[in-house]
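All heavy atoms count here, side chains included; hydrogens, waters and symmetry mates do not. All residue numbers refer to positions in the sequence shown, counting from 1.
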Amino acid sequence: MVKRSLQASLAGMEQAKKTFAHKGWTQENLAFEVNLKTRQPIWRFFSGRPIERHIFIEICSVLSLNWREIAANPPEEFPESKEPDATEFLDIDALVQQVRSQRFDKIQDQCGTLQLLDVSRPVRIDDIYIDVKILEEIASFQWLEFADLQKFTSQEFDRFALGEVSQIQIAGIAAVQTYSKLRVLGKPGAGKTTFLQHLAIQCNRGRFAANRVPIFVTLRDFADESREAGEFDLLNYICQEFLTCGISDRSVLETLLLSGRVLLLLDGLDEVLHQESKGVANEIRRFSEKYQKNMFVVTCRTAAKAFNLRRFTDVEIAPFTSDQIVAFAQKWFTAITKTNIQNKQEQAIEFIQKLDLPENLQFRRLAVTPLFLHLACWVFHHQNKFPTQKAAFYKQCLDLLLGKWDETKAIERDEVYEGFLLPQKLKLLSQVASATFEQGNYFFEQRIVEQYISDYIGNLPSASTEPEELELDSEGVLQAIELQHGLLAERVRGIFSFSYLTFQEYLTARKIVASYNLQTLEQPLERLVTHITEPRWREIFLLTVAMLRNADFFVQLMKQEVDALAAQDPYLQKFLIWASQKSLTVPESAAIWAFYLALARTPHLTPYFALVCILNQDIFLDAALENLVIECKSNFADVYACDDALSSALAIVQDAGLHQALQQFKDLLPDLEQSRERIETWWQTSYPAWMEQLKIAIAKHRNIQHDWHFSPQQQQVLQQYYNASQLLLDCLNSNCEITGVVRQEIEVSLLSIKELSKREW
């Protein structure tokens with residue numbers, strides 16, 4: 001075989017050098033990216049010397065350059081010595097290399113770029129791809145007791161949904177190397193197609209399965225061709241694809257297949273229309289058994305696992321780990337944004353830091369899926385923050401899953417629930433979400449969710465009145481929701497959940513708001529506020545207040561519910577009135593009430609309120625006085641600390657009466673130069689009365705140091721009061737639609753807890 005070569009033109013060299021300098025690589029880095037053992041070809045490339053054609057093209061590809069624009073006198077078509085003839089290749093390795101060389105550009109063009117959602121230009125797969133992890137044990141194939149799943153909290157649900165419950169993850173390429181026939185399952189947007197494209201590119205470059213020829217087939221295109229041809233014939237379909245690369249001899253492909261030298265990548269089994277899916281699956285089985293020496297990888301949505309492929313091993317793409325999220329974000333901001341390199345890196349770091357903040361937990365839940373992680377990066381890039389109106393982001397995600405994602409990929413699906421418009425799909429899913437969430441169920445049995453679906457479609461004008469037919473329709477709708485949208489997922493056999501807890505919460509809130517808006521009645525909101533002390537309802541409150549066209553009535557209901565928590569306990573009412581009155585003595589007192597609440601309940605926390613103290617001198621004084629009492633409650637050996645605490649308090653007291661009183665108490669302390677015995681005698685005989693008078697003086701001048709004693713039940717009520725007040729405050733600060741009069745009314749009367757939100761009681 002004659003080795004063909006290319007060399008860069010003068011203009012091409014200059015363009016290549018600029019791009020190379022922008023990346024900040026060394027020639028060794030570039031040689032590694034091109035899979036070269038030495039950097040000599042790189043040096044020859046930048047020197048304008050001839051190098052092998054496929055290396056020249058690969059260097060340009062890695063640098064995101066059009067090789068024809070870089071090469072000197074690029075040929076219109078590559079002159080081939082002659083078309084490969086399988087009978088002439090006694091050395092199968094030579095045939096593999098010949099075919100790979102002819103198909104190199106085809107595979108690069110077919111699999112080398114991605115078209116990301118809302119991004120106007122293709123992105124090189126190398127610039128965005130993150131190595132995927134694979135779960136060898138698929139949860140939905142397992143048998144678990146429903147009662148065990150019912151015990152899960154929201155945090156445990158997240159861990160289970162993310163495959164973190166007794167799941168071992170392996171590298172994606174390792175799975176392909178381990179199993180010659182592999183079916184890769186995954187939810188919508190999990191990165192199945194991208195993984196297959198990556199395999200094709202790596203094989204094309206000789207970095208993976210270097211002794212094989214990569215062939216990438218989109219199964220819906222194969223199904224379309226088969227429908228027109230009247231038969232399902234993969235061999236013929238691939239032969240036609242080989243023709244586009246100038247390989248017309250059918251025996252070439254057959255020789256490669258019989259020798260086991262093909263990596264066949266079959267993408268999107270779930271994207272084939274129902275009437276053709278059986279024929280496509282049967283052809284894959286037949287083809288893989290006839291040419292069993294080759295490597296086969298098929299992708300399919302997890303919900304379409306019913307298409308059994310005999311002798312294929314099923315694995316599932318794992319959700320992104322924290323490390324994968326970080327790596328993806330760093331690549332995303334580098335590849336997508338048009339700012340300078342430093343700004344790209346800074347924005348990536350800021351994105352990662354803010355994603356881990358507690359207030360962004362819901363975004364973090366979604367970011368384990370590449371599709372939603374891309375959306376989160378896109379929104380953050382344009383706003384430099386995560387959206388405060390989370391509901392709008394969730395709606396965009398749902399719109400994607402309910403149709404737009406398939407539309408962007410030009411996928412036509414069977415519409416099992418034909419005639420359902422997007423609002424009807426959302427209404428059905430909201431009904432399922434609301435019913436299950438209200439019952440405290442993150443997981444639900446198949447028969448239960450089918451009954452919810454049956455109740456909904458049974459009220460439609462075109463619904464069947466036959467119970468058996470209605471049952472079958474419900475089963476079909478559930479399968480369609482799971483397969484097409486991925487919003488409901490079979491977690492273990494016969495047990496479903498929403499694929500993301502965030503969507504169950506959003507749809508529950510949507511149902512509440514829709515019911516309130518349509519009925520113009522208050523009952524949906526009145527039922528919601530009864531859950532104000534339950535932590536799992538917190539996100540429902542925040543989403544509901546954000547989606548209401550006017551939230552005045554809702555926040556007023558919340559305020560009434562907060563006030564009612566302690567209304568039946570006179571002692572708690574007395575305590576809350578004291579805390580409120582005390583806070584009102586301080587300028588801008590709305591944010592100070594929590595300080596006194598904590599001061600009375602947990603005085604040992606006083607030293608940790610440094611920030612509050614710095615902000616206000618009165619608060620600082622009260623903290624110092626509280627610290628004084630704490631220091632003086634110890635034993636006689638700490639009389640020195642007591643003396644120091646009094647000195648500190650005297651240094652900041654401005655009130656003459658209090659200053660005089662504290663000085664008198666300091667003068668009554670024993671002389672610290674006396675013997676230990678005399679100090680101990682004073683402590684035992686005079687200290688109790690001295691301490692009691694000190695507390696009375698502080699209470700008189702500063703209205704603090706009441707000895708509040710709460711029962712366990714009262715402490716629980718106060719904790720609920722705090723949590724509910726914090727939730728109401730968060731709702732007010734969520735950019736919701738509230739009139740100024742109502743906002744001011746609640747803010748004035750609310751015993752604010754901004755500072756206490758940083759403390760645990």
Side-chain angles (χ1 to χ4, degrees), residues 149-150 152-162 187 319 355 357-369 372 375-376 379 386-402 425-444 448-449 452 481 485-489 491 496-517 524-525 527-548 551 554 558 723-724 726-728 730-731 733-736:
L149 296 177
Q150 279 186 308
F152 281 15
T153 63
S154 60
Q155 291 79 12
E156 291 169 331
F157 172 88
D158 279 340
R159 291 198 298 274
F160 183 87
L162 301 184
K187 292 187 291 189
L355 184 64
L357 295 177
E359 59 263 32
N360 292 322
L361 172 62
Q362 283 68 32
F363 295 111
R364 177 65 178 77
R365 286 173 175 170
L366 294 175
V368 298
T369 298
F372 298 140
L375 276 182
V379 171
F386 289 101
T388 53
Q389 291 287 358
K390 297 178 182 178
F393 182 80
Y394 302 154
K395 184 179 184 303
Q396 185 179 4
C397 293
L398 285 173
D399 288 349
L400 266 178
L401 292 182
L402 291 173
K425 294 177 182 180
L426 286 170
K427 186 176 181 181
L428 168 59
L429 289 165
S430 297
Q431 188 163 308
V432 175
S434 175
T436 53
F437 192 89
E438 286 179 4
Q439 295 170 7
N441 293 332
Y442 299 125
F443 300 92
F444 28 87
I448 298 297
V449 69
Y452 291 138
I481 293 173
H485 314 319
L487 281 169
L488 293 175
R491 295 303 186 182
F496 284 74
S497 78
F498 278 86
S499 53
Y500 303 89
L501 179 57
T502 296
F503 289 150
Q504 187 179 15
E505 293 170 337
Y506 168 78
L507 289 165
T508 299
R510 185 185 181 279
K511 173 72 159 51
I512 293 170
V513 173
S515 300
Y516 173 70
N517 289 339
L525 299 181
R527 288 197 302 270
L528 175 57
V529 296
T530 63
H531 299 290
I532 198 169
T533 61
E534 299 175 48
R536 75 184 192 89
W537 283 84
R538 171 181 170 79
E539 194 64 21
I540 308 297
F541 277 85
L542 293 171
L543 289 168
T544 299
V545 77
M547 286 190 281
L548 287 168
F554 182 48
M558 290 180 66
N723 291 339
Q726 177 67 68
L727 177 56
L728 177 53
D730 290 342
C731 287
N733 294 332
S734 65
N735 294 327
C736 56

Atom pair CG (Leu525) and OG1 (Thr530), whose distance is rounded to the nearest 0.5 Å = 11.0 Å
Main-chain N/O of Ala489 paired with Ser499 side-chain donor or acceptor, under 3.5 Å = no
Least distance between heavy atoms, Cys731 atom then Cys736 atom | O-SG, 3.2 Å
Could you give the distance from CG (Leu507) to CD1 (Ile540), rounded to the nearest 0.5 Å?
-> 9.5 Å
Taking the six-membered ring where the residue is Trp, are the ring centres of Tyr516 and Phe554 under 6.0 Å apart?
-> no
When rounded to the nearest 0.5 angstrom, what distance separates CZ in Phe496 from CG in Leu487?
-> 13.0 Å
Atom pair OG1/CZ of Thr436 and Phe444 - distance to nearest 0.5 Å | 4.5 Å
What is the minimum heavy-atom distance between Ile512 and Pro524, and which atoms define it?
-> O-CB, 3.8 Å
Separation between CZ of Phe541 and CD1 of Ile532, rounded to the nearest 0.5 Å | 5.0 Å
Where does the angle between the aromatic ring planes of Trp537 and Phe437 fall among parallel (under 30°), tilted (30 to 60°) and perpendicular (over 60°)?
-> perpendicular
Separation between CG of Leu542 and CD of Gln362, rounded to the nearest 0.5 Å | 8.0 Å
Evaluate the criterion side-chain contact (heavy atoms from CB on, under 4.5 Å) for residue pair Asp730 and Arg538; output intermediate values, then yes/no.
-> CA-CA 10 Å; Asp730 290 342; Arg538 171 181 170 79; 2.6 Å; yes
Evaluation steps, side-chain contact (heavy atoms from CB on, under 4.5 Å), between Phe503 and Leu429 = CA-CA 10 Å; Phe503 289 150; Leu429 289 165; over 6 Å; no
Verify, without hydrogens or angle tests, whether Arg510 (side chain) and Met547 (backbone) share a donor-acceptor contact under 3.5 angstrom.
-> no
Less than 6.0 Å separating the ring centroids of Phe386 and Phe363?
-> yes
Give a yes or no answer on whether the side chain of Ser434 reaches the backbone of Gln431 with a donor-acceptor pair at less than 3.5 Å.
-> no
Under a 4.0 Å N-O cut-off, is there an ion pair linking Arg365 with Glu505?
-> yes
Does Gln504 use its side chain to pair, donor to acceptor, with the backbone of Asn441 at less than 3.5 Å?
-> yes
